[in-house]
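Below, read A as the first sequence line, B as the second, and so on, with proteins coming before strands; counting in each chain starts at 1. Side-chain atoms are counted along with the backbone in the values below, which use heavy atoms only and exclude waters and symmetry mates.
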4 protein chains.
Amino acid sequence: MPKVVDEHMREATRRHIIRRAASEFARLGFDQANINTIAEQAGIGKGTIYLYFENKRELFLSMLRYIAQDHILAIRTAIALDGTLQQRLERLFRAFTHLAQEERDSFNVYMSALYGVNRAFQAEATKLLRDYLATIALMLEQSQARGEIRCPHIEATALMILSLMESYVLSANVLGQSEQAILQQASLIAETLVQGIGSA
Amino acid sequence: MPKVVDEHMREATRRHIIRRAASEFARLGFDQANINTIAEQAGIGKGTIYLYFENKRELFLSMLRYIAQDHILAIRTAIALDGTLQQRLERLFRAFTHLAQEERDSFNVYMSALYGVNRAFQAEATKLLRDYLATIALMLEQSQARGEIRCPHIEATALMILSLMESYVLSANVLGQSEQAILQQASLIAETLVQGIGSA
Amino acid sequence: MPKVVDEHMREATRRHIIRRAASEFARLGFDQANINTIAEQAGIGKGTIYLYFENKRELFLSMLRYIAQDHILAIRTAIALDGTLQQRLERLFRAFTHLAQEERDSFNVYMSALYGVNRAFQAEATKLLRDYLATIALMLEQSQARGEIRCPHIEATALMILSLMESYVLSANVLGQSEQAILQQASLIAETLVQGIGSA
Amino acid sequence: MPKVVDEHMREATRRHIIRRAASEFARLGFDQANINTIAEQAGIGKGTIYLYFENKRELFLSMLRYIAQDHILAIRTAIALDGTLQQRLERLFRAFTHLAQEERDSFNVYMSALYGVNRAFQAEATKLLRDYLATIALMLEQSQARGEIRCPHIEATALMILSLMESYVLSANVLGQSEQAILQQASLIAETLVQGIGSA
DNA sequence: AATGAATGAGGATTCATTCAT
DNA sequence: GATGAATGAATCCTCATTCAT
């Protein structure tokens with residue numbers, strides 16, 4: 001099966017390029033990032049990038065999709081079924097904190113795509129946003145089924161949870177708070193949300 | 001006093017340029033925005049911009065500061081002393097909704113500066129973030145003094161409120177919700193927050 | 001009238017660029033010619049060319065039009081009304097010889113546009129071809145009106161005259177014949193044509 | 001004799017590549033033609049071309065030589081000994097018309113090589129030009145030997161005949177005349193030439 | 001002060017050619 | 001021998017910035 005091996009190699013190279021691209025895009029933004037530099041960082045020739053991605057824009061979009069997979073997996077894992085709603089919310093918050101710190105590059109890229117001006121990028125980032133919301137909504141429905149909460153506005157509530165956590169983590173970062181400091185807020189935030197939601 | 005008149009003229013022109021720049025920067029982002037186009041839109045010569053701003057970057061930063069003044073004023077007005085905490089939070093949320101819709105340009109510019117990759121821009125946007133937080137924290141302290149709530153973590157709570165509202169409005173926008181639809185969430189969100197905070 | 005002076009300057013610069021461009025295009029062809037080099041040769045900055053021409057293609061087309069004006073003027077002058085048909089044909093041939101030698105650049109550019117593969121260029125060069133033909137046809141009609149010849153196929157004959165002269169001069173050039181040598185053929189060619197046409 | 005078979009195979013592949021290359025070169029010109037596309041059209045790998053031709057330039061030159069053989073054969077056949085000079089000239093003109101129409105690709109390639117700017121290509125195309133001239137000169141000498149004409153300037157006359165025919169056909173093409181229309185000029189042109197030459 | 005013509009650094013992309021398989 | 005993945009030189013064009021008028 002040389003075909004499969006080649007396919008694997010090709011996919012591995014794609015991933016490799018994407019990772020280096022993510023670092024550059026996160027550091028400089030789409031426009032300022034330089035294909036040449038990305039190629040150098042990836043240890044390949046300039047032209048080689050164009051064997052894997054149609055153009056700079058497609059490279060960026062591919063990277064967004066790749067990031068989305070990673071993040072949604074992290075989020076799904078975080079709010080796995082076990083534990084109380086409070087515990088699941090805490091895990092969710094910690095997952096975001098972790099993403100914003102350990103995967104700072106990809107988190108920044110995702111946020112600037114979502115809130116930037118490029119419609120194509122925003123559309124792609126919005127897909128991830130919807131995925132997040134669906135996942136959180138599912139959690140709320142499960143909690144409701146268990147009688148943990150009474151939540152008549154699942155959609156709006158899911159958006160509240162996501163907005164609060166995502167933006168809290170990001171803002172705290174921007175304000176210079178350490179990961180440690182942010183993580184300590186986990187229970188406060190989860191508690192606040194559970195109380196707020198429960199009586200909605 | 002020709003000096004003062006000139007000073008006034010100069011300031012007026014600065015404002016004028018900034019307003020046109022804001023529109024272009026919001027529409028295209030910092031890199032894609034074109035100094036030439038901004039000059040045309042402002043009805044002045046390309047070179048003239050450089051008599052008022054050192055370079056493109058400084059123009060962008062000046063615009064950020066200008067936007068910040070506007071926004072912080074809107075927010076301060078929204079949470080003026082009168083009314084219950086619930087009412088003030090509702091007004092705050094409506095103010096954000098309004099900014100994101102009516103001042104979409106400047107709101108987008110601010111958000112992409114805050115969550116974008118350019119450190120200089122982020123630093124400037126962060127100033128506005130701190131202003132927001134101080135204003136919200138003040139409101140919480142007032143509510144506490146009145147006995148409306150018991151809130152031991154003023155800072156964290158302020159950040160929660162800001163994060164939730166700002167990001168909620170923006171995400172709802174991105175998801176295609178109408179201003180009408182978003183405004184209808186005002187009381188739900190305020191209620192959730194009051195309940196969540198109150199028992200913290 | 002500063003406007004007029006500026007207009008003059010602008011037109012002068014356009015001409016200047018076109019002349020240098022013609023030299024490069026003639027030496028290397030459209031694709032191999034380098035905008036950078038053309039700018040250097042013209043003693044102006046790279047970007048300046050784009051203030052005068054939309055892009056490389058438009059520069060080339062402008063140059064073709066400029067050449068066409070020159071050449072058609074030379075041809076019209078050559079076959080001015082005075083003299084016999086034989087004399088006028090000799091002058092026409094000498095004009096072509098002169099063009100192919102003294103204006104070698106522009107003559108080559110025109111021929112490669114006419115016989116090249118770029119449709120836009122060919123269309124532009126064809127305009128000049130039609131102009132040539134009309135001018136020669138007019139001469140034939142005048143000669144016929146004077147009773148010098150009897151020529152029932154004016155159009156075809158004009159094309160014969162043009163084809164023969166243009167291509168003869170060019171081929172002789174390619175074969176390495178000197179301008180001197182080619183000019184000596186003038187009367188032979190004119191004589192041959194007059195005899196051939198007269199009895200057509 | 002595996003060697004001979006291989007030689008045959010090798011030569012067949014060369015021809016195959018050349019034919020596809022001719023089509024691309026004629027369609028796009030030397031610079032715009034793409035080695036990759038030629039390889040695809042020929043149904044072989046990109047690298048394989050370099051086993052048969054040193055580089056793009058050599059491929060083009062080989063193609064020119066290949067075309068030249070074809071053309072000179074067509075021309076020689078057209079002016080075979082039999083018939084009067086008028087008839088032979090008519091056949092020659094028809095042969096050119098046919099080449100320009102049925103072998104449009106190769107005719108265009110040859111003409112743009114001859115009148116284009118690349119010296120190496122021009123030199124190769126000039127060889128064909130000389131071959132043409134020799135063939136036509138031979139015809140004139142035969143006609144003179146038979147007493148059909150009295151032609152003191154064989155070389156110049158041959159060049160006149162070739163120039164007129166080649167360029168007439170090409171120009172007529174460029175002007176949009178149909179093959180039908182051009183062919184109808186055959187006797188007019190032959191007649192004109194015979195009359196013109198006869199009395200020279 | 002105001003202008004806009006001129007500049008040239010910078011960057012995405014193409015494609016002939018190489019070479020390991 | 002045949003292949004095509006990899007390469008990087010080469011180039012058009014944009015646009016922030018300058019400066020003579």
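- Between the CG atom of Leu51(D) and the P atom of dG4(F) there is a distance of 12 Å, given to the nearest Å.
- Salt bridge Glu24(D)/Arg27(D): present, at least one basic N to carboxylate O contact under 4.0 Å.
- Residue Phe53(D) is out of contact with every strand shown, counting any heavy-atom pair closer than 4.0 Å.
- Across the protein-nucleic acid pair, Asn36(D) atom CG and dT14(E) atom C1' stand 11 Å apart, rounded to whole Å.
- For the OP1/OP2 pair of dC15(F) and a distance below 4.0 Å, the side-chain nitrogens and oxygens of Tyr50(C) include no atom meeting the criterion.
- Ion pair Glu11(A)/Arg15(A) flagged as a salt bridge, since at least one NZ, NE, NH1 or NH2 atom sits closer than 4.0 Å to an Asp/Glu carboxylate oxygen.
- Inter-residue side-chain proximity for Leu59(B) and Ile35(B) is flagged as met; some heavy-atom pair is nearer than 4.5 Å.
- Straight-line distance from the CG atom of Asp31(B) to the P atom of dA12(E): 11 Å, rounded to whole Å.
- Base-pair partner of dA16(F): dT7(E) (Watson-Crick or G-U wobble, both distances under 3.5 Å).
- In terms of phosphate contacts, Asn34(B) brings no side-chain nitrogen or oxygen within less than 4.0 Å of OP1 or OP2 of dT14(F).
- Atom CD of Glu40(D) and atom P of dT3(F) are 12 Å apart (whole Å).
- Minimum atom distance to the side chain of Lys56(A) is reached by dT13(E), of the listed dT7(F), dT13(E), dT3(F).
- Of the inter-residue distances, the one linking Asp31(A) atom CG with Phe30(B) atom CZ reads 10.0 Å to the nearest 0.5 angstrom.
- The base of dA9(E) lies close enough to the side chain of Lys46(C) for a donor and an acceptor atom to sit less than 3.5 Å apart.
- Pair check for dA1(E) finds none; no Watson-Crick or G-U wobble contact set falls under 3.5 Å.
- The CG atom of Asn55(D) sits 8 Å away from the P atom of dT18(E) (whole-angstrom rounding).
- At whole-Å resolution of the value, OH in Tyr52(A) and P in dG4(F) are 15 Å apart.
- Mapping Thr48(C) and Ile35(A) onto DNA chain E by nearest heavy atom places Thr48(C) at the nucleotide closer to the 5' end.
- Projected onto DNA chain F by closest heavy-atom contact, Phe30(C) and Ile44(D) fall at different nucleotides, the more 5' of which corresponds to Ile44(D).
- Ala33(C) comes within 4.0 angstrom of sugar-phosphate atoms only, judged by non-hydrogen atoms across all strands, and of no base.
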Full working for side-chain hydrogen bond (donor to acceptor under 3.5 Å, both in side chains) between Arg10(A) and Tyr52(A): CA-CA 8 Å; Arg10(A) 190 176 164 76; Tyr52(A) 290 87; 4.6 Å; no
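- Following rounding to the nearest Å, Ile49(C) (CD1) and dT11(F) (C1') show an atom-to-atom distance of 13 Å.
- Going from atom CD of Gln32(C) over to atom P of dA9(F) covers 17 Å, rounded to whole Å.
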